[in-house]
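Everything quoted here is computed from the prediction, not taken from an experiment.
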2 protein chains.
Amino acid sequence: MVQQEVLDRTFAALADATRRQILIRLGRGPASIGELAEPFGMSLTGMKKHVHVLENAGLVTTEKVGRSRQCRLGTERLEDAMSWIRFYQRLWERRLDGLDAYFTLTKEDDR
Amino acid sequence: MVQQEVLDRTFAALADATRRQILIRLGRGPASIGELAEPFGMSLTGMKKHVHVLENAGLVTTEKVGRSRQCRLGTERLEDAMSWIRFYQRLWERRLDGLDAYFTLTKEDDR
DNA sequence: TTTATAGTGAACCACATGGTTCAGCAAGAG
DNA sequence: CTCTTGCTGAACCATGTGGTTCACTATAAA
């Protein structure tokens with residue numbers, strides 16, 4: 001399975017509405033810290049922290065260009081998160097699909 | 001879009017390796033707090049907190065049976081998380097698919 | 001060269017998290 | 001009824017989070 005710490009950081013990064021909005025905004029193209037901060041009425045420092053969390057999770061990459069910092073979407077990390085959820089769902093669906101088997105199988109620890 | 005707070009709680013609940021393990025364990029059938037705590041060598045109180053987080057996120061449901069508490073998997077919340085990720089991925093893929101269109105479209109706010 | 005602008009870092013704040021211990025309470029077993 | 005067991009709640013601790021302000025650096029513009 002994927003590194004647990006990577007999943008930790010990825011899911012934690014996604015667990016904030018502001019950061020999810022940032023990702024959606026970056027889906028429309030790169031932006032600077034200031035451009036990202038403006039619609040939220042947030043300080044540059046505050047926004048930089050969010051970007052840092054996203055960058056740490058590999059969901060965003062940034063690059064200093066002149067005196068501004070361009071932020072872009074990262075690539076593969078959402079795939080990791082999704083594939084974990086899919087794995088888990090397979091577990092869960094298997095349980096539902098075989099409810100009969102489930103009831104007989106777990107009779108002893110189900111009580 | 002789905003309630004932001006629900007997504008917050010769902011992703012936050014998933015952002016912890018212990019809790020992901022708990023979900024996988026519950027994928028094999030219901031368990032009590034004690035049964036969940038044992039493999040982690042964790043106190044009952046500690047485990048109860050994790051279960052509470054998962055329950056708050058709707059990923060797990062619990063029911064007091066006698067003096068023990070049965071924990072089971074919840075249902076639809078992982079779907080919410082997955083569908084948000086899918087939505088975001090669609091944004092991102094669209095950007096990659098139409099790179100030309102992207103460059104012309106975002107000329108003004110890209111600088 | 002001066003000045004305005006974009007971002008950075010440190011320090012601070014209130015509050016959440018992940019864990020513990022300890023004292024209790026409620027249900028089942030003897 | 002008594003004892004054991006499984007969970008619960010309160011209190012505590014160290015650390016992280018989401019935000020701020022203020023002082024500073026570095027680049028761009030005049």
Side-chain angles (χ1 to χ4, degrees), chain A residues 4-23 25-26 29-72 108-111, chain B residues 4-23 25-26 29-72 108-111:
Chain A
Q4 295 294 342
E5 215 183 305
V6 171
L7 280 175
D8 283 7
R9 283 202 291 259
T10 305
F11 282 124
L14 293 176
D16 182 282
T18 302
R19 286 195 292 264
R20 290 193 300 272
Q21 294 265 114
I22 293 172
L23 289 180
R25 165 63 187 81
L26 290 181
S32 68
I33 302 281
E35 285 164 351
L36 290 176
E38 192 271 340
F40 297 98
M42 183 183 295
S43 67
L44 292 182
T45 310
M47 179 50 66
K48 212 219 153 201
K49 284 191 181 184
H50 279 302
V51 169
H52 186 238
V53 170
L54 290 166
E55 200 175 2
N56 250 358
L59 292 166
V60 157
T61 67
T62 77
E63 186 196 2
K64 192 91 193 228
V65 176
R67 65 183 157 179
S68 101
R69 176 175 294 277
Q70 288 295 318
C71 309
R72 303 181 140 71
E108 75 282 357
D109 69 355
D110 196 17
R111 174 198 23 107
Chain B
Q4 295 294 342
E5 216 181 306
V6 172
L7 280 175
D8 282 7
R9 283 201 290 258
T10 304
F11 282 124
L14 293 177
D16 182 283
T18 303
R19 286 194 293 263
R20 289 193 300 273
Q21 294 265 115
I22 294 171
L23 289 180
R25 165 63 187 81
L26 290 181
S32 69
I33 301 280
E35 284 164 350
L36 289 176
E38 192 270 339
F40 296 99
M42 183 183 293
S43 67
L44 292 182
T45 310
M47 179 51 66
K48 212 220 154 200
K49 283 192 181 184
H50 279 302
V51 168
H52 186 239
V53 170
L54 290 166
E55 199 175 5
N56 251 358
L59 291 166
V60 157
T61 67
T62 76
E63 185 197 2
K64 192 89 192 232
V65 176
R67 67 184 156 178
S68 103
R69 175 174 294 277
Q70 288 295 318
C71 309
R72 301 181 142 70
E108 76 284 358
D109 69 354
D110 194 18
R111 180 187 9 111

Calculate the interatomic distance between A:Lys64 atom NZ and C:dT5 atom C1'; express it in whole Å. 11 Å
Atom pair OG1/CG of B:Thr18 and B:Leu36 - distance to nearest 0.5 Å: 11.5 Å
Distance, nearest 0.5 Å, that separates CG of B:Leu54 from OG1 of B:Thr61: 11.0 Å
Of the listed nucleotides (D:dT8, D:dG19, C:dT8), which one gets closest to any side-chain atom of A:Ile33? C:dT8
Length of the line joining A:Glu63:CD and C:dG7:C1', which is rounded to integer Å: 15 Å
A:Lys48 side-chain proximity, nearest of C:dG9, C:dG18, D:dC7: C:dG9
Can a donor-acceptor pair be found, under 3.5 Å and without considering hydrogens, that links the side chain of A:Arg72 to the backbone of A:Glu63? no
Which is it for B:Leu26 and B:Leu59 under the side-chain contact (heavy atoms from CB on, under 4.5 Å) test, yes or no, and what are the steps along the way? CA-CA 10 Å; B:Leu26 290 181; B:Leu59 291 166; over 6 Å; no
Figure out the CZ/P separation between A:Arg19 and D:dG16, and round it to whole Å. 15 Å
Starting the side chain at C-beta, find the nucleotide from C:dG7, D:dG19, D:dC7 nearest to B:Ser32. D:dC7
Does anything in residues 8-16 of chain B come within less than 4.0 Å of DNA chain C? Heavy atoms only, and list the residues if so. B:Asp16
Hey, what do you get for NZ (B:Lys64) to OG (B:Ser32), rounding to the nearest 0.5 Å? 11.0 Å
Sequence-aligned protein contact record of nucleotides 20-30 of chain C, with B where the base is within under 4.0 Å of a protein heavy atom and S where only the sugar-phosphate is: BBB----BS--
A:Ile33 vs A:Thr62, test: side-chain contact (heavy atoms from CB on, under 4.5 Å). Steps then yes/no. CA-CA 10 Å; A:Ile33 302 281; A:Thr62 77; over 6 Å; no
Check the pair A:Glu5, A:Arg9 against side-chain contact (heavy atoms from CB on, under 4.5 Å), reporting the backbone distance first and the verdict last. CA-CA 6 Å; A:Glu5 215 183 305; A:Arg9 283 202 291 259; 3.1 Å; yes
Whole angstrom is fine here: how far is it from CD in B:Glu38 over to C1' in D:dT5? 16 Å
Distance in Å, B:Gln21 CD paired with A:Gln4 CD, rounded so as to fall on 0.5 Å steps: 6.0 Å
How long is the line joining CD of B:Glu35 and P of D:dG6, in whole Å? 10 Å
Taking CG from A:Leu36 and P from C:dA6, how many angstroms apart are they, rounded to a whole number? 14 Å
Think B:Arg69 has a side-chain N or O under 4.0 angstrom from the OP1 or OP2 of D:dT8? yes
Side chain to side chain donor-acceptor pair (under 3.5 Å) pairs touching residues 40-51 of chain A, sequence neighbours excluded, are A:Arg19-A:His50
